[in-house]
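Scroll down for the structure; my scribbles are underneath it.
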Amino acid sequence: MKILLIGSGGREHALAWKLAQSSAVEKIYCAPGNGGTAVEAKCENINIDDIDEQLKFAQENNIELTVVGPEAPLVDGIVDKFKAAGLKIFGPSAVAAQLEGSKSFSKDFMKKYGVKTAEYAVFTDRDEALKYLETCSYPIVIKADGLAAGKGVVISEDYSNAAQTIEDFMVSDIFKGSGKKVVIEEFLDGVEASILSITDGNVIIPFISSKDHKQIFDKNQGPNTGGMGAICPNPYCTEEVLEKFEKGILEPTLKGIQEENMDYIGIIFFGLMITKKGVYALEYNVRMGDPETQAVLTLMESDLSDLILAAVDKKLSNYEVKWFDGHSCCIVAASEGYPGKYQTGLNIAGVDSVDGKVFIAGAVLEDGVLKTAGGRVLAAVNKGTTLEEAIEKSYKDMEKVKFSGIYYRKDIGTIY
Ligand code: AMP
Ligand code: GLY
């Protein structure tokens, strides 16, 4: 089978690596891929970023399955276009992708189907939003409605900060349209969990739970990033928590997907907040998480291409996804300065000398030399029978990887 894999991050390198392990997979074209997929077994990078060009490539090269990594092409309707052309593609339709693409759409969906989530209100008018903020208790959470590359959520401690956020989002329009509409939401105090799941529209099968580490600095200090590391399973996801998630979030979500006749085949990623008041859905993502994917796929023992095909063919009922009975730890190395400004083009050494696996994210291969090209550059991942073993192996591997200004957290997996 020939696969077209859309995307260029660490998540896509992990997907390519896992798909390549399948004996049914002959070739994976990564569009556009990165410096990791450039050298991964069975993979070839193709430098096309445009949906119509990707469709043309799939038609001309007998692609039997297209797998979409990031959310943007899903929201832009890549699945609808490929399906209309009679091609097999794994991902939700543009309408279903609104569950990530629009916070108000997803909150209204959650409310309609009784998914446990924070109280909220939606505003398109600045004055109305400001009036509402005068009545709120703080902290409060303000979210840009549209996609904002992970930067569209602000937790405001007081009215003046909240009012400034409204000005930034709605008037200064810092997200170029995405913040013209805002969701103002009750603040939930708790611990986050990521539950990536797969659906064929008939069932949702949750993957092993994971825990992202969003802040840039140790002890969860500093600004949020795309994610600086992940562990699997999430130590907070006890059986009791998972049961609450299934009843209060997964089941009503599936009912909603079915009743709304959403054409949803793909990944549904539940961002959860585990609180003293219960387990809440913070958000849906319609794609896998990054860096959660790198940690989750490291523990997956099932054949990923077989699993994806079962979803695409609507045959997930009774599918049992198999997992390594242990733990994984993924540590992300970033460029100095990230999530602010950083330099690129720096030589990377040592990725082949690790004992586990390095997944490449923001790095490219130039004349055979791996060079930094982004904020989050790569991740070292290992599994172990205990969490401590997985953590220790990944830190040992990280010490072997070198580039100028390399930065990574020293406390991935520590529970605060
Ligand atoms: P979201 O994109 O909606 O998941 O929000 C991004 C991040 O903001 C989450 O991962 C949480 O860390 C935080 N966040 C979002 N909503 C809330 C909330 N209601 N209460 C507390 N923190 C939140
Ligand atoms: N790591 C969180 C995300 O991918 O949204």
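These values consider heavy atoms only, across backbone and side chains, with no hydrogens, waters or symmetry-generated copies. Just so it is clear, the model here is predicted, and its values are computed rather than measured. Order of listing sets the numbers, starting from 1, for every ligand and every atom in it.
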In the protein, what heavy atom is nearest to atom 3 (C) of ligand 2, and what distance, to one decimal place, separates them? Arg287 NH1, 3.4 Å
Per-atom filter on ligand 2: closer than 4.0 angstrom to a heavy atom of Gly289 are 4 (O)
For ligand 2, which atoms sit closer than 4.0 Å to a heavy atom of Gly226? 1 (N), 2 (C)
Would you confirm whether the ring centroid of Tyr284 sits within less than 6.0 angstrom of the ring centroid of Phe270? yes
Salt bridge Lys277-Asp189, side-chain N to carboxylate O under 4.0 Å: no
What distance separates Leu130 CG from Phe123 CZ, expressed to the nearest 0.5 Å? 9.5 Å
Can you check which of [options] brings a heavy atom nearest to [atom]?
| atom | options | value |
| --- | --- | --- |
| atom 4 (O) of ligand 1 | Lys214, Glu192, Glu283, Lys103 | Glu283 |
| atom 13 (C) of ligand 1 | Leu188, Leu272, Val153 | Val153 |
| atom 18 (C) of ligand 1 | Val141, Ile142, Ile184 | Val141 |

Ignoring angles and geometry beyond distance, decide whether Asp212 reaches within less than 3.5 Å of ligand 2 through its nitrogen or oxygen atoms. yes
Contact check: Glu292 vs ligand 2, nitrogen or oxygen atoms, below 3.5 angstrom: yes
Flag if over 12 foreign heavy atoms under 6.0 Å of CG, Asp127: yes
Above 12 or not: heavy atoms from other molecules or residues under 6.0 Å from NZ of Lys219? no
Under 4.0 Å, heavy atoms only, figure out whether ligand 2 is touched by the backbone of Glu71, its side chain, both or neither. neither
Strictly under 4.0 Å, does any heavy atom of Arg11 approach an atom of ligand 2? no
Taking only non-hydrogen atoms of Phe187 and a 4.0 Å limit, the atoms of ligand 1 in range are 20 (N), 21 (C)
Classify the contact between Ile155 and ligand 1 as side chain, backbone, both or neither, using a heavy-atom distance cut-off of under 4.0 Å. side chain
Between Val377 and Tyr408, does a side-chain contact (heavy atoms from CB on, under 4.5 Å) hold up when you go through it step by step? CA-CA 10 Å; Val377 175; Tyr408 52 91; over 6 Å; no
